[in-house]
**Student:** 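Right, I'll just put the structure down here and ask away after.
What's counted below: heavy atoms across the whole structure, side chains too, no hydrogens, waters or symmetry copies. In each ligand, atom 1 is the first atom listed, and ligand 1 is the first ligand listed.
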Amino acid sequence: MSVRNVLVAGAGIAGSTLAYWLARYGIDTTVVERAAEQRSSGSPVDVRGPALPVVEQMNLLTPLREAATLARSLTAVNSSGGRIGWIPSQTSANAVEIPRSSLAGILARAASAHAEVVHGDSVLTLHDDGQGVEVTFERSAPRRFDLVVGADGLHSRVRRLAFGLESQFLTHLGLHIATMPLQQAAADRTVLLHNAPGRAVAVHPTVGSEVAAFVFRAPPRSNTRGQDMEQNKQLVIDAYSGMGWRVPELLDRVRHSGDLYCDSVSRARLDSWSRGRIVLVGDAANCVSLLGEGSSTAIAGAATLAHELGTHADEPAAALRRYEHAHRKRVGRAQRGVALASRMLVPATRAGTAVRDVPFRMWPVLASMRGIERPPG
Ligand SMILES: Cc1cc2nc3c(=O)[nH]c(=O)nc-3n(C[C@H](O)[C@H](O)[C@H](O)COP(=O)(O)OP(=O)(O)OC[C@H]3O[C@@H](n4cnc5c(N)ncnc54)[C@H](O)[C@@H]3O)c2cc1C
């Protein structure tokens with residue numbers, strides 16, 4: 001009944017963290033990742049709270065800090081580029097803000113040093129016979145594992161195969177997010193944020209380049225799986241046409257982008273994260289997308305799951321219960337923050353934006369009274 005070999009579906013934030021730790025606990029680990037290569041898109045995310053000791057124990061704190069973003073403040077701009085005001089963005093020294101793609105790359109390299117990683121493939125069917133799971137793949141030959149972990153993100157295929165259709169578990173929170181790297185040197189050390197009712201666009205300075213993020217209110221779509229790049233591009237172009245500031249130039253880049261990430265901002269909730277010998281981690285289990293909180297939650301959840309499996313490999317059912325008990329408390333807190341974050345980031349009306357802008361106008365006044373005249377950084 002014990003767990004000696006594990007399949008992890010998805011080499012994202014959760015999957016790579018999990019694979020690294022499972023392998024360190026001496027469990028034979030295989031990762032299967034659908035993408036042929038590392039994706040370059042994704043807005044910056046924070047590594048903070050319970051995720052920090054995890055990456056520290058992986059000896060990754062230094063590379064994460066070296067790849068950290070340059071931004072120390074958030075500046076609101078109007079449609080002609082005039083600065084409305086700014087607020088400090090990095091209030092805690094106990095957090096590392098890093099582009100999602102850099103974080104994913106650093107974790108993936110750490111995982112591949114210890115685990116087998118197969119790119120360009122995906123699970124096709126799963127059959128759990130109580131003693132293990134027979135797995136077929138789109139490309140590779142069938143294999144048997146003691147345990148299968150779905151770390152395959154918001155639209156998890158493992159979850160669909162083992163738990164049911166995603167419509168039972170996902171709640172669309174009224175927003176979509178699209179991000180892309182701009183491949184041009186960052187001119188500012190502040191995040192620039194421009195709003196129109198129901199739409200926000202931010203340009204974020206990262207090491208050596210900028211990342212653009214579009215967050216906008218839109219109803220759910222049946223095809224928000226981020227798989228049809230051309231439809232995603234059109235969705236963003238339609239939502240932002242007519243906006244000022246740098247938006248026309250950014251939309252032109254959307255048209256020609258080779259890696260636009262676009263998905264609905266959704267919450268995933270399941271009564272249980274495991275069925276027999278199949279278990280979920282990260283967004284597949286408990287998505288809290290938007291503002292990057294999901295990455296720290298995913299890292300912490302993956303480390304907890306690996307620890308429980310590593311220390312209770314002979315009692316997998318108990319290990320999975322203990323993982324869920326410990327991690328659910330963190331998830332509840334993170335999921336509650338999303339509604340407030342979305343109201344602050346994407347006010348639905350002009351009046352709402354004016355109210356939201358009050359701290360942006362006030363902070364420079366307070367800062368200059370304390371002798372700080374410009375956004376730090
Ligand atoms: C390219 C990209 C950009 C992102 N950008 C943002 C962003 O800007 N803002 C935001 O809030 N969140 C973003 N996210 C989501 C964010 O990374 C997660 O919310 C969070 O980090 C939790 O991580 P996760 O590992 O659970 O999921 P993810 O980071 O989404 O990783 C899931 C992994 O599973 C892989 N996968 C999916 N389906 C299959 C399959 N059938 N078989 C095998 N592998 C599969 C994916 O390619 C991906 O590598 C992005 C995700 C990706 C993949």
**Student:** Any N or O of A14 that comes nearer than 3.5 Å to an N or O of ligand 1?
**Tutor:** yes
**Student:** Only heavy atoms of T179, strictly under 4.0 Å: list the atoms of ligand 1 that pass.
**Tutor:** 8 (O)
**Student:** Mind checking whether I13 has an N or O less than 3.5 Å away from an N or O of ligand 1?
**Tutor:** yes
**Student:** Is the number of heavy atoms from other residues, nucleotides or ligands under 6.0 Å of H325 NE2 greater than 12?
**Tutor:** no
**Student:** May I ask you to list the atoms of ligand 1 that are less than 4.0 angstrom from any heavy atom of G282?
**Tutor:** 26 (O)
**Student:** V32 heavy atoms, cut-off 4.0 Å: which ligand 1 atoms fall inside?
**Tutor:** 43 (C), 44 (N)
**Student:** Using heavy-atom distances, let me know which of S101, G12, A104, A11 sits nearest atom 31 (O) of ligand 1.
**Tutor:** G12
**Student:** Near A151, which atoms of ligand 1 are under 4.0 Å from a heavy atom of that residue?
**Tutor:** 32 (C), 33 (C), 34 (O)
**Student:** Is E249 atom CD crowded by more than 12 heavy atoms from other residues, nucleotides or ligands, each under 6.0 Å away?
**Tutor:** yes
**Student:** Please say whether more than 12 non-hydrogen atoms of neighbouring residues, nucleotides or ligands are located less than 6.0 Å from CZ in R255.
**Tutor:** yes
**Student:** At a 4.0 Å threshold, what atoms of ligand 1 neighbour a non-hydrogen atom of R157?
**Tutor:** 41 (N)
**Student:** Within a distance under 4.0 Å of any heavy atom of A298, pick out the atoms of ligand 1 and give their elements.
**Tutor:** 22 (C), 23 (O)
**Student:** Run the numbers on K233 and E230 for salt bridge (charged side-chain N to carboxylate O under 4.0 Å, His left out), then give the verdict.
**Tutor:** CA-CA 5 Å; K233 287 180 178 181; E230 292 313 310; 3.7 Å; yes
**Student:** So that I can tick it off, tell me whether E210 and R253 are bridged by a salt bridge, with the cut-off set at under 4.0 angstrom between side-chain N and carboxylate O.
**Tutor:** no
**Student:** Taking only residues two or more places apart in sequence, or in another chain, which ones meet T30 in a side chain to side chain donor-acceptor pair (under 3.5 Å)?
**Tutor:** E116, R143
**Student:** Do any pairs count as a salt bridge (charged side-chain N to carboxylate O under 4.0 Å, His left out) and have a residue in residues 3-12, sequence neighbours left out, and if so which ones?
**Tutor:** R4-D314
**Student:** Among E33, R100, R34, which residue places a heavy atom closest to atom 35 (C) of ligand 1?
**Tutor:** E33
**Student:** Please list, in number order, the atoms of ligand 1 under 4.0 Å from a heavy atom of G153.
**Tutor:** 27 (O), 32 (C)
**Student:** Under a 4.0 angstrom heavy-atom cut-off, which atoms of ligand 1 come close to S43?
**Tutor:** 7 (C), 8 (O), 9 (N)
**Student:** Can you check whether T297 reaches H327 side chain to side chain, under 4.5 Å on heavy atoms?
**Tutor:** yes
